[in-house]
Amino acid sequence: MPDPSIAPRASVSTGIAGLDAVLGGGLTPDRLYLVEGVPGAGKTTLAMQFLLDGAARDETVLYVSLSETLSELREVAQSHNWSLAGVNIHELSTTDQNLNPDEQYTMFHPSEVELSETIQSILREVDRLKPTRLVFDSLAELRLLAGSPLRYRRQVLALKQYFSGHGCTVLLLDDSAISEYGLHVHTIVHGVVSLDQLNPEYGGDRRRLRVSKYRGRRFRGGFHDYHILTGGLAVFPRLVAAEHRRETAHETVSSGLPALDALLGGGLDRGTSTLVVGAAGTGKSSLVTHFMMEAANRGERSMLFAFDESIHSLVTRSRSIGFDVETHIASGLIKVQSVDPAELLPGEFAQAIRDAVENDGVRVVAIDSLNGYLNAMPEERFMIVQLHELLTYLGQLGVVTLLVSTQPGLIGPMAQGVDVSYIADGVILMRYFEARGEVRQAISVLKKRTGAHERSIREIRVSRDGIAIGEPLREFQGILTGVPQERQIGADDHVVAREHAGA
């Protein structure tokens with residue numbers, strides 16, 4: 001059992017809201033932490049945000065630089081539109097003589113041996129300023145000073161012992177590409193944040209971080225995406241649907257079309273996901289837009305994440321079928337966000353959906369299409385897992401989710417690019433079929449987990465007057481194959497099938 005005499009201590013913010021969420025609130029004060037990553041991963045930027053947050057709270061902060069010059073640090077700050085006012089910078093130049101382990105002592109604990117000139121300079125500055133936050137950049141130079149794994153470990157341990165009584169939270173920066181002595185530091189520090197950078201064959205670099213160690217604190221494990229933007233790091237914590245469970249009342253919302261409601265068994269149920277699947281041009285996006293328009297007519301907010309269509313194209317297409325999307329976009333009832341799959345981070349996308357639902361009160365979320373979403377993921381199996389987590393989260397919050405998936409091909413048997421039908425609660429299939437020399441479109445509901453639905457196939461027409469759903473196509477069979485046959489009822493009630501030949 002925890003000791004009741006030990007009161008919990010307030011966490012120290014890293015200055016990055018997403019990272020604080022990953023760390024369970026921030027850093028435990030007065031401890032040493034290791035921030036490691038490959039060059040260009042953003043270690044210096046993260047460290048600067050940590051110090052700037054402290055300076056904004058009127059704390060004394062210190063940046064000890066062994067690897068970057070003062071001018072380089074100022075350039076970093078300038079690129080992010082930061083002012084370094086309030087940040088003390090102690091720059092140390094390491095000459096060849098300083099880095100020669102044979103020319104100096106390398107065990108610098110006061111009770112054991114005389115401090116080297118470099119370490120003495122650092123500690124004098126710490127004693128003079130008495131900072132509450134300190135960044136040591138970087139351990140690579142300290143590793144050179146040590147010359148051996150044993151001396152290097154003892155030097156880091158001495159730093160830990162020195163700062164433990166000085167009320168100072170310390171970040172040690174290191175290059176993860178140099179792994180020879182890395183694990184020696186992992187066992188000493190209180191926590192480890194690892195920054196990683198992926199280089200896909202196409203598109204921008206992908207960055208992610210992971211907290212591999214944090215003593216005495218519950219933190220969010222796994223990889224978390226992050227961007228380096230103007231203004232610093234933006235971290236997107238991995239979505240965990242189990243953390244957002246809520247009790248929501250069962251409610252069915254109408255589509256506004258009686259025939260479509262009949263197909264859907266009354267309409268769409270809140271807290272469910274519906275996959276709209278079909279070939280290109282069958283009206284999937286128009287159907288999703290219709291659902292969003294109906295939500296706006298009810299006074300509910302909806303949001304569309306468009307992977308394959310620009311906002312201008314959406315507005316133009318909607319106008320051509322009688323949907324006044326512009327008015328609802330202007331009022332804020334419909335929001336549209338264009339997404340570039342080549343630049344999208346999966347965690348960033350999940351965070352955008354969370355912001356829309358939790359902050360903006362969005363009740364209908366549409367993703368058009370999953371094909372573009374798949375292109376944003378490194379591997380299909382990861383996309384399926386994350387999509388399942390995302391749909392579970394939206395379901396627990398009572399959000400109606402619409403997913404669009406385009407099948408390869410136009411007519412005949414359809415191939416399936418990525419099968420997510422088993423994840424969705426409902427599946428709407430849209431197909432082309434030929435009848436009397438015309439290319440027509442059909443709609444059917446193949447699945448609905450939350451209740452009964454109509455099994456018939458109906459014709460759907462998209463025109464300047466909007467969407468119209470016809471009566472069940474009982475006179476045809478084979479519509480799902482794209483080559484239907486007309487069924488005629490004879491006097492003897494036998495069904496005679498004859499294949500259409502354009503008559």
Side-chain angles (χ1 to χ4, degrees), residues 2-3 6-37 41-65 73 76-77 80 82-90 122-123 125-139 156-157 159-174 185-186 188-195 209-221 224 226 228 231-237:
D3 189 346
I6 303 178
R9 308 169 68 185
S11 298
V12 176
S13 173
T14 62
I16 305 171
L19 182 54
D20 286 345
V22 172
L23 293 169
L27 302 172
T28 302
D30 310 337
R31 298 288 186 268
L32 257 69
Y33 299 90
L34 174 65
V35 178
E36 62 177 4
K43 300 185 296 296
T44 300
T45 304
L46 186 154
M48 279 294 186
Q49 286 178 267
F50 171 67
L51 295 183
L52 288 170
D53 181 78
R57 301 171 190 268
D58 295 326
E59 299 179 23
T60 302
V61 300
L62 175 61
Y63 194 107
V64 176
S65 178
L73 293 175
V76 171
H80 292 290
W82 291 336
S83 170
L84 293 181
V87 177
N88 298 285
I89 299 177
H90 186 54
I122 295 172
L123 300 186
E125 191 69 6
V126 171
D127 290 336
R128 183 180 71 85
L129 294 174
K130 294 181 172 52
T132 57
R133 302 189 187 203
L134 182 141
V135 170
F136 190 96
D137 185 9
S138 72
L139 289 180
V156 176
L157 184 60
L159 277 176
K160 176 181 179 180
Q161 294 171 346
Y162 174 83
F163 285 110
S164 63
H166 284 71
C168 185
T169 305
V170 182
L171 297 187
L172 306 174
L173 309 188
D174 198 11
V185 180
H186 283 218
I188 296 175
V189 296
H190 195 73
V192 179
V193 178
S194 300
L195 307 181
L209 64 82
R210 175 174 174 261
V211 179
S212 57
K213 172 186 177 181
Y214 197 0
R215 286 184 179 141
R217 292 286 290 270
R218 184 182 296 275
F219 61 92
R220 185 168 298 182
H224 311 273
Y226 71 96
I228 301 179
L233 267 66
V235 178
F236 310 106

- request: Could you tell me whether the side chain of Tyr33 and the main chain of Thr28 form a donor-acceptor pair under 3.5 Å?
  value: yes
- request: List the atom of Gly86, the atom of Ala55, and the distance in Å for their closest heavy-atom pair.
  value: O-CB, 3.9 Å
message: Show, in sequence, the C-alpha distance, side-chain angles and deciding distance for Leu172 and Val35, and conclude whether the side chain to side chain contact (heavy atoms under 4.5 Å, CB included) test is met.
response: CA-CA 6 Å; Leu172 306 174; Val35 178; over 6 Å; no
- prompt: Would you say the side chain of Arg133 lies within less than 4.5 Å of the side chain of Phe50, judging by non-hydrogen atoms?
  reply: yes
- prompt: Taking all non-hydrogen atoms of both residues, which atom of Leu32 and which atom of Val156 are closest, and how far apart?
  reply: CD2-O, 4.4 Å
statement: Here the pair of heavy atoms bringing Tyr214 nearest to Leu27 is OH-CA, 3.2 Å
field: Closest non-hydrogen atom pair, Leu52 against Val87
entry: CD2-CG2, 3.7 Å
message: For Met48, run the side-chain contact (heavy atoms from CB on, under 4.5 Å) check against Asp53, Leu73, Val61 and tell me which one passes.
response: Leu73
message: Determine whether a donor-acceptor pair (N or O, by modelled atom type, separation under 3.5 Å) exists between the side chain of Thr169 and the backbone of Asp30.
response: yes
message: Do the side chains of Lys43 and Asp137 get close enough for a salt bridge, i.e. N-O under 4.0 angstrom?
response: no
task: Kindly say whether Arg215 contributes a backbone atom to a donor-acceptor pair with the side chain of His190 at under 3.5 angstrom?
output: yes
query: Rounded to the nearest 0.5 Å, what separation is found between the CZ atom of Phe136 and the CG atom of Leu34?
result: 12.0 Å
task: Could you check Leu233 against Leu19 for side chain to side chain contact (heavy atoms under 4.5 Å, CB included), going step by step and ending with a plain yes or no?
output: CA-CA 9 Å; Leu233 267 66; Leu19 182 54; over 6 Å; no
His186-Glu36 side chain donor-acceptor pair, cut-off 3.5 Å: yes
- prompt: Hey, is the main chain of Gly231 close enough, under 3.5 Å, to the side chain of His80 for a donor-acceptor pair?
  reply: yes
Minimum heavy-atom distance Val22-Phe219, with the two atoms named: O-CB, 3.3 Å
query: Atom CD in Glu59, atom OG1 in Thr132: separation rounded to 0.5 Å?
result: 3.5 Å
message: Ring-plane angle category for His166 and Phe163, please: parallel below 30°, perpendicular beyond 60°, tilted otherwise.
response: perpendicular
message: Would you compute the distance between atom NZ of Lys130 and atom CD of Glu125 and round it to the nearest 0.5 angstrom?
response: 11.5 Å
message: Quick check: closest heavy atoms across Gly232 and Thr45, and the distance to 0.1 Å?
response: CA-CG2, 3.8 Å
task: Supply the atom-to-atom distance Thr14 OG1 to Leu51 CG, rounded to the nearest 0.5 angstrom.
output: 11.5 Å
- request: Under the side chain to side chain contact (heavy atoms under 4.5 Å, CB included) rule, what do Leu171 and Val193 come out as? Steps first, then yes or no, please.
  value: CA-CA 10 Å; Leu171 297 187; Val193 178; over 6 Å; no
field: Main-chain N/O of Gly24 paired with Arg217 side-chain donor or acceptor, under 3.5 Å
entry: yes
query: Do Lys213 side-chain atoms and Val189 backbone N/O form a donor-acceptor pair below 3.5 Å?
result: yes
field: Beyond-backbone contact of Leu84 with Ile89, side-chain heavy atoms, under 4.5 angstrom
entry: yes
field: Student check: side-chain heavy atoms of Tyr226 and Leu195 closer than 4.5 Å
entry: yes
task: To the nearest 0.5 Å, tell me how far Leu134 CG sits from Leu62 CG.
output: 4.5 Å
message: Using modelled atom types and a 3.5 Å cut-off, is there a donor and acceptor pairing between side-chain atoms of Arg220 and backbone atoms of Ala21?
response: no
Asp20 and Ser13: side chain donor to acceptor below 3.5 Å: yes
statement: The reported gap from NE2 in His90 to CD1 in Ile122 (rounded to nearest 0.5 angstrom) is 6.5 Å
